[in-house]
Structure formats: C-alpha cells, structure tokens
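Note that ligands are numbered from 1 as they come in the structure, with each ligand's atoms numbered from 1 the same way. Numbering starts at 1 and runs along the sequence shown. Predicted model, so just to flag it, every value in this text is computed and none were measured.
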Amino acid sequence: MNRHPSAQVLNVRDTLSLIDCGEGTQNQLLHYKISHHRIRYIFISHLHGDHYLGLNGLLATINFQGRDQELTIVGPPELEPMVMDHFKYSGTHLKFPLHFVATQAEHAEKLIDDKNFTVSSIPLNHRIPTTGFYVQEKTGLRHINADKCEALNIPYAHFGELKEGKDYTDPSGKVISNAELTFPPSRIRSYAYCSDTRYKPELAALLQGVDMMYHESTFLHELLERAKETLHTTALEAGRFATQCKAGKLLLGHYSARYQDLTPLKEEAEKEFESVLLAIEGGKYAVD
Ligand SMILES: [Zn+2]
Ligand SMILES: [Zn+2]
C-alpha cells in the first residue's frame, strides 16, 4: 500500500491552489512535476497532522528557491503564528509576500475573491475546528468567433471588448451585435472539498448542484459507531450526502489504513449515488 496524507492541487483556469498539505507534499509535487512556483493559494482544512505537517517544509523550500510572487495561506487562525514562529526561530528571512486568511468553523463565509473564482468555507463537524472549501468559478469571458470576425474585418484591438460582451461599431457607425461575433462563455464549474467531518446533511443546502464533491469516507458503514466516535464519515453516508447535494460526481478519499482494497468503499457509496470515483495517489480528475 502506498498512500500519502491529504494534499490536492486544484487548477482553475491555470491558477493553482494546494488544498491541504500533509507530510511529504513537496516531494509529491516534485514527483508529479508540479512547480510550487505556480501555486497561488494554499488552503488548510484543520490542524491534524495528516493535513498540514508538510506546510513548513514546503514553505522553506519555496523561500529558499527564490520565489517573489505573493502566496496566500487560508486556514485556522493558529496557522499564522505557527508558520511565522518557524521562520523566526530558524532565523529565516521571508523573501516573498505571504498573506494569511483565517477561517472559522461556525458558519460559511467567503474567503477568497480571485479574478476567476471565489472560495467559501464549509463549516464541518470534526474533533477540532475544521472547514471544507467550496470553489466556484466566475462567469468566464465570451469566446471570439474567429471566422466571423475575420470575414467582417473586425480589428484585433477590439477582441477584448467583444469577449466582455460589448457590441462592435464599425468606422461608418454600423453596429454589429456581440452575439454575431462571439460564442457564449464556458459553463461555470464548482468543486467542494469536504475534509475530515462527521456526516453533516444540513450542509446540503449550501452545496446544491456542486459539479464535483470530494468527501472523506474513512470507514465502511459497518464501522458507523467508530465513525461517530472519531467524527468521520462512512462511504455510505458520503454517497447519501452527494445525493442530497445533487452533486455531479463524488470523489471519495481519506480511507482508513485498514482498507487495502478500496473497491468496497466505492461499491458502498454507489448504493446511494451513481457517479462515484476513488481518489488515488497521483490521480487527475476533471470537473466538467
Ligand atoms: Zn482530522
Ligand atoms: Zn485526516
């Protein structure tokens, strides 16, 4: 068995976010040839070691390798002093702009408002304060109808405005409507990362229609009592929650080390929800 603690890279229109950063994450980024220079945001769901112990090592490497672009870390309020103390006590001078956004696990709130997407918190129910992250794309730009623009001799300098939905007025004053010159923007997609949590059906209202939902499924339902004690979710409950959310796809993860073969977890979730995927080390999953 070769399973690593939690870490995911989310690519939204070429902006990369790292979601959770378990021990060994920087080695795995190297292994999968994902440059940490490209990561703009790091989201940490909670302060159990399997979700953040790789962070200080990754930040030290990022700093050492001469990053200058800013980096934003989103996570529990204790994370900022933990990270900054580490830099302070190791006598490390921080060479790049580093920002922190503190989460709270009481109610959902908007955390990040990026050019292309927003990220809101998902208040989860775990042994310590824990949030998930709900990533929603913003409406994209319209796509240029290149053939039509060429046929009508629309100057390239106007393409920016056309993508924003404006009509084109030619030098004689004739207006050509935007709909003639462009195609509609791509569909808006959404992704929910539900980290360690007890099954929490009241969150379904928040996540209605999410395109892809990652949800922990630590146990099979025969260990429901254990899931309740440790504030985790069973695969059956994860499937049930995906149905309640009317999700497009469910990506299971955070499996107990007791399960060598993950097929029973998938089959159990499929009793409640039809489109189930298993998160596997190094796997790539398209949200569409
Ligand atoms: Zn945990
Ligand atoms: Zn965990």
Side-chain angles (χ1 to χ4, degrees), residues 1-10 17-29 42-58 73-80 82-83 102-106 108 111 121-135 191-203 207 212-221 223-239 241-242 250-260 262 265-266 268-269 276-283 285:
M1 190 166 58
N2 181 28
R3 275 184 230 147
H4 289 262
S6 296
Q8 302 186 357
V9 175
L10 182 72
S17 297
L18 177 64
I19 307 180
D20 277 340
C21 187
E23 197 173 352
T25 297
Q26 63 168 316
N27 295 335
Q28 293 300 93
L29 288 171
I42 298 178
F43 295 90
I44 301 293
S45 64
H46 67 303
L47 296 179
H48 280 154
D50 55 325
H51 297 260
Y52 88 99
L53 278 180
L55 184 62
N56 276 338
L58 176 64
I73 300 180
V74 180
E78 298 82 3
L79 200 56
E80 179 170 4
M82 285 165 73
V83 166
T103 54
Q104 46 76 25
E106 299 301 311
L111 301 166
S121 57
I122 306 170
L124 300 174
N125 176 17
H126 194 42
R127 302 193 298 278
I128 56 173
T130 302
T131 61
F133 300 104
Y134 187 24
V135 183
Y191 178 67
Y193 176 83
C194 299
S195 186
D196 294 10
T197 186
R198 182 69 203 110
Y199 167 57
K200 194 174 174 186
E202 55 270 40
L203 288 174
L207 302 175
M212 181 182 278
M213 180 166 65
Y214 167 87
H215 201 289
E216 74 125 290
S217 54
T218 306
F219 300 111
L220 284 170
H221 207 64
L223 291 181
L224 176 63
E225 286 313 308
R226 183 98 186 98
K228 286 180 177 171
E229 277 160 34
T230 55
L231 293 168
H232 283 296
T233 300
T234 69
L236 192 81
E237 290 170 325
F241 186 59
L250 170 64
L251 182 61
L252 297 178
H254 202 275
Y255 323 109
S256 161
R258 79 192 66 218
Y259 303 118
Q260 304 277 324
L262 301 174
L265 291 152
K266 181 170 187 278
E268 192 176 86
V276 180
L277 300 161
L278 290 168
I280 303 293
E281 193 65 36
Y285 307 89

- request: Look at the rings of Tyr193 and Phe133 and say which category their plane angle falls in: under 30° parallel, 30 to 60° tilted, over 60° perpendicular.
  value: parallel
field: Ring-ring centroid check His126 His51, cutoff 6.0 Å
entry: no
query: Which atom, among the N/O/S set of Asp50, is closest to the Zn ion (ligand 2)?
result: OD2
- request: Please examine the side chains of Phe219 and Thr230, heavy atoms only from C-beta on, and report whether any two atoms are closer than 4.5 Å.
  value: yes
- prompt: Checking only N/O/S atoms, does His254 have one that is under 2.8 Å from the Zn ion (ligand 2)?
  reply: yes
message: Closer than 3.5 angstrom, by distance alone: can the side chain of Glu23 be matched with the main-chain N or O of Pro5 as a donor-acceptor pair?
response: no
- prompt: Of all N/O/S atoms in His48, which lies nearest to the Zn ion (ligand 1)?
  reply: ND1
- prompt: How about Ser45 and Phe43: do any of their side-chain heavy atoms sit closer than 4.5 Å?
  reply: no
- prompt: Of all the atoms in His51, is at least one N, O or S atom closer to the Zn ion (ligand 2) than 2.8 Å?
  reply: yes
task: Give the atom name of whichever N/O/S atom in His126 sits closest to the Zn ion (ligand 1).
output: NE2
message: I want to check something: taking the side chain as every heavy atom from C-beta on, are Tyr134 and Ser121 in contact at a cut-off of under 4.5 Å?
response: no
query: What N/O/S atom of Asp196 is the closest to the Zn ion (ligand 1)?
result: OD2
message: Taking N, O or S atoms only and a limit of 2.8 Å, check whether Glu216 reaches the Zn ion (ligand 2).
response: no
